[in-house]
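Along the sequence shown, residues are numbered consecutively beginning with 1.
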Amino acid sequence: MLSEIIPLVETTSSNGSSPPLLPEQSFLPDAYRLPEGTVRGSYASMQPRVVFIEVTNRCNLLCETCPRTYFTREPIRSLRYDEFVLIADQFPQMQRAVLHGIGEPLLNRELPQIISYLKQRDIEVLFNSNGTLLTPAWQEALVLSGLDEFRCSIDGAEPETYARIRGANLLHKIEEGLAGLTQTKARLQASTPRVSIWCVATRENLQEMPDLVRMAARLGVPEVYLQRMVYFGSEPADQYGMARDELAIFGKDADYQDEIIAECETLSAELGVDFRAAGARDPRNSLAAARDVDFHPWQACLRPWTTAYVTANGNCLPCCISPFTTNDYESLLLGNLFERPFSEIWNDYLYRQFRTDFFTDTPHKACASCGVFWSL
């Protein structure tokens, strides 16, 4: 499928210009790419190959950088196994399933069964977790389920920093859980899940990135990822908790950031821990992107043509970043899979309008500042 040239219906923007050519795709995983020669338009002839399905929107933490702590978006619920299958079966071309959204996946007790179902379809499965619930029972269940990747979110290497950002003094529990997961894999002679640490970097915790690399080496975790904080960049009055412009690192303190990254790169080579950035980029180039912002940076995104996001209530959103980018949540809703099949929603009016606006000077609010205040 990936080698086929599958053209999309070409559209023009409101000012008459044609959609831009495909952006550089070489750094993207295959499932996120479009075939060379594809023209991005309002109509997507390919079904999504990457699908985010929020198995729960419950969470056991009150993080200072998460909108869930401050806003109620949808009714609180977890997907039952049969509900999950009903959703997943609507994506016949799915290659990669991401089982997180606004919530902690380990709060869904049917998660191992959900993962096993996806693995029977030969789908790559991964999710982010805060790691605080990673007990020995969960460690074994995740390994036996066939999970491909377990990403643990840790926003500080010092207990005090972690507690200030995450709202609970639980860093020691996370370290125990990650070490236990590594040991459980060894005991069961399993190569998966691949384990990594992900840090949302702010001016509050950036200086602790080198210690996170050291922590990863100590716990047997082979990868550490740096992410930029996402916040309502164009709506200062709606910024919340620590998700505020004054704590963002994107486009600021370039020399200091470069010093921290250089130290992490040195430690990476010394300790054998890969140091990377979200979006499959390296941290140095990921941060440097903010210093040379294109006029329409969001137009490099391929997600409106390759990716779907479904909440625990069955709502379809443009992407996983969108709930963090605007307080106008209703405008993000493109359809509901408990009410209509995805085959009808994917190229219905709301999706097609979203893609059309994508190539204008006034895209949806979720896109307008993406790549300006942060990056994909």
In terms of hydrophobic clusters joined by side-chain contacts under 4.5 Å, are [X] and [Y] together?
| X | Y | result |
| --- | --- | --- |
| Phe338 | Ile76 | no |
| Ile123 | Leu337 | yes |
| Leu144 | Leu106 | yes |
| Met209 | Tyr256 | yes |
| Leu62 | Leu171 | no |

I need the [X] [atom1] to [Y] [atom2] distance, nearest 0.5 Å.
| X | Y | atom1 | atom2 | answer |
| --- | --- | --- | --- | --- |
| Ser322 | His364 | OG | NE2 | 8.0 Å |
| Leu226 | Ile197 | CG | CD1 | 13.0 Å |
| Ile345 | Leu350 | CD1 | CG | 9.5 Å |
| Leu212 | Leu206 | CG | CG | 10.5 Å |
| Leu333 | Cys316 | CG | SG | 9.5 Å |
| Leu111 | Ser78 | CG | OG | 10.0 Å |

Side-chain donor-acceptor contact under 3.5 Å, [X] with [Y]:
| X | Y | value |
| --- | --- | --- |
| Glu104 | Ser129 | yes |
| Thr132 | Asn130 | yes |
| Tyr70 | Glu64 | yes |
| Gln25 | Tyr32 | no |
| Asn57 | Glu74 | no |
| Tyr351 | Arg355 | no |

Would you say the side chain of [Y] lies within less than 4.5 Å of the side chain of [X], judging by non-hydrogen atoms?
| X | Y | answer |
| --- | --- | --- |
| Leu99 | Phe84 | yes |
| Leu317 | Tyr329 | yes |
| Asp155 | Cys199 | yes |
| Tyr162 | Ile174 | yes |
| Arg73 | Pro323 | no |
| Cys63 | Arg166 | yes |
| Thr135 | Glu140 | no |
| Val195 | Leu219 | no |

Looking at [X], I want to see if its [atom1] is surrounded by more than 12 non-hydrogen atoms of other residues, nucleotides or ligands under 6.0 Å.
| X | atom1 | result |
| --- | --- | --- |
| Arg218 | CZ | yes |
| Lys119 | NZ | yes |
| Asp122 | CG | no |
| Gln189 | CD | no |

Open item on the list: Is the ring pair Tyr225/Trp198 parallel, tilted or perpendicular, if the boundaries are 30 and 60 degrees?
Closed with: parallel
- [ ] Classify the angle between the aromatic ring planes of Phe52 and His100 as parallel (below 30°), tilted (30 to 60°) or perpendicular (above 60°).
- [x] perpendicular
- [ ] Determine the sole option in Leu142, Val143, Thr192 for which the side-chain contact (heavy atoms from CB on, under 4.5 Å) test with Lys185 is passed.
- [x] Val143
Of the non-hydrogen atoms in [X] and [Y], which two are nearest, and what is the gap between them?
| X | Y | result |
| --- | --- | --- |
| Ile115 | Gly146 | CG2-C, 4.3 Å |
| Trp298 | Thr360 | CZ2-O, 3.3 Å |
| Arg80 | Glu83 | N-OE1, 2.9 Å |
| Val224 | Val213 | CG2-CA, 4.1 Å |
| Ala141 | Pro112 | CB-CG, 4.0 Å |
| Ala97 | Met94 | CB-SD, 3.7 Å |

Polar side-chain atom of [X] near backbone of [Y] as donor-acceptor pair, under 3.5 Å:
| X | Y | result |
| --- | --- | --- |
| Ser268 | Cys264 | no |
| Thr182 | Leu178 | yes |
| Arg77 | Ala312 | yes |
| Asn108 | Glu110 | yes |
| Gln207 | Glu204 | yes |
| Asn313 | Asn315 | no |
| Glu54 | Ile102 | yes |
| Glu124 | Arg96 | no |
| Asn205 | Val200 | yes |
| Thr306 | Pro48 | no |

TODO: May I ask you to say whether Asp89 pairs ionically with Arg121, meaning some side-chain N is under 4.0 Å from a carboxylate O?
DONE: yes
Open item on the list: For Thr38 and Met46: C-alpha separation, side-chain torsions, deciding distance, then whether side chain to side chain contact (heavy atoms under 4.5 Å, CB included) applies.
Closed with: CA-CA 11 Å; Thr38 296; Met46 291 178 57; 5.6 Å; no
Open item on the list: side chain to side chain contact (heavy atoms under 4.5 Å, CB included), that's the test. Do Tyr309 and Arg303 meet it? Break it down for me.
Closed with: CA-CA 10 Å; Tyr309 181 101; Arg303 288 176 176 172; over 6 Å; no
Open item on the list: Let's go through Phe358 and Trp305 carefully: what are the C-alpha distance in whole Å and the side-chain angles of both, what is the deciding distance for ring-ring contact (aromatic ring centres under 6.0 Å, His included) to 0.1 Å, and is it a yes or a no?
Closed with: CA-CA 11 Å; Phe358 191 80; Trp305 293 268; 5.4 Å; yes
Task: Among Glu158, Glu263, Glu208, the one residue meeting salt bridge (charged side-chain N to carboxylate O under 4.0 Å, His left out) with Arg214 - done: Glu263
Open item on the list: Assess the residue pair Trp346 and Leu334 against the criterion (side chain to side chain contact (heavy atoms under 4.5 Å, CB included)); give the C-alpha distance rounded to whole Å, side-chain angles, the decisive distance to 0.1 Å, and a yes or no.
Closed with: CA-CA 8 Å; Trp346 183 230; Leu334 302 173; over 6 Å; no
Task: CA sep, side-chain torsions, deciding dist, call: Gln139, Leu134, side chain to side chain contact (heavy atoms under 4.5 Å, CB included) - done: CA-CA 6 Å; Gln139 296 160 21; Leu134 193 55; 3.9 Å; yes
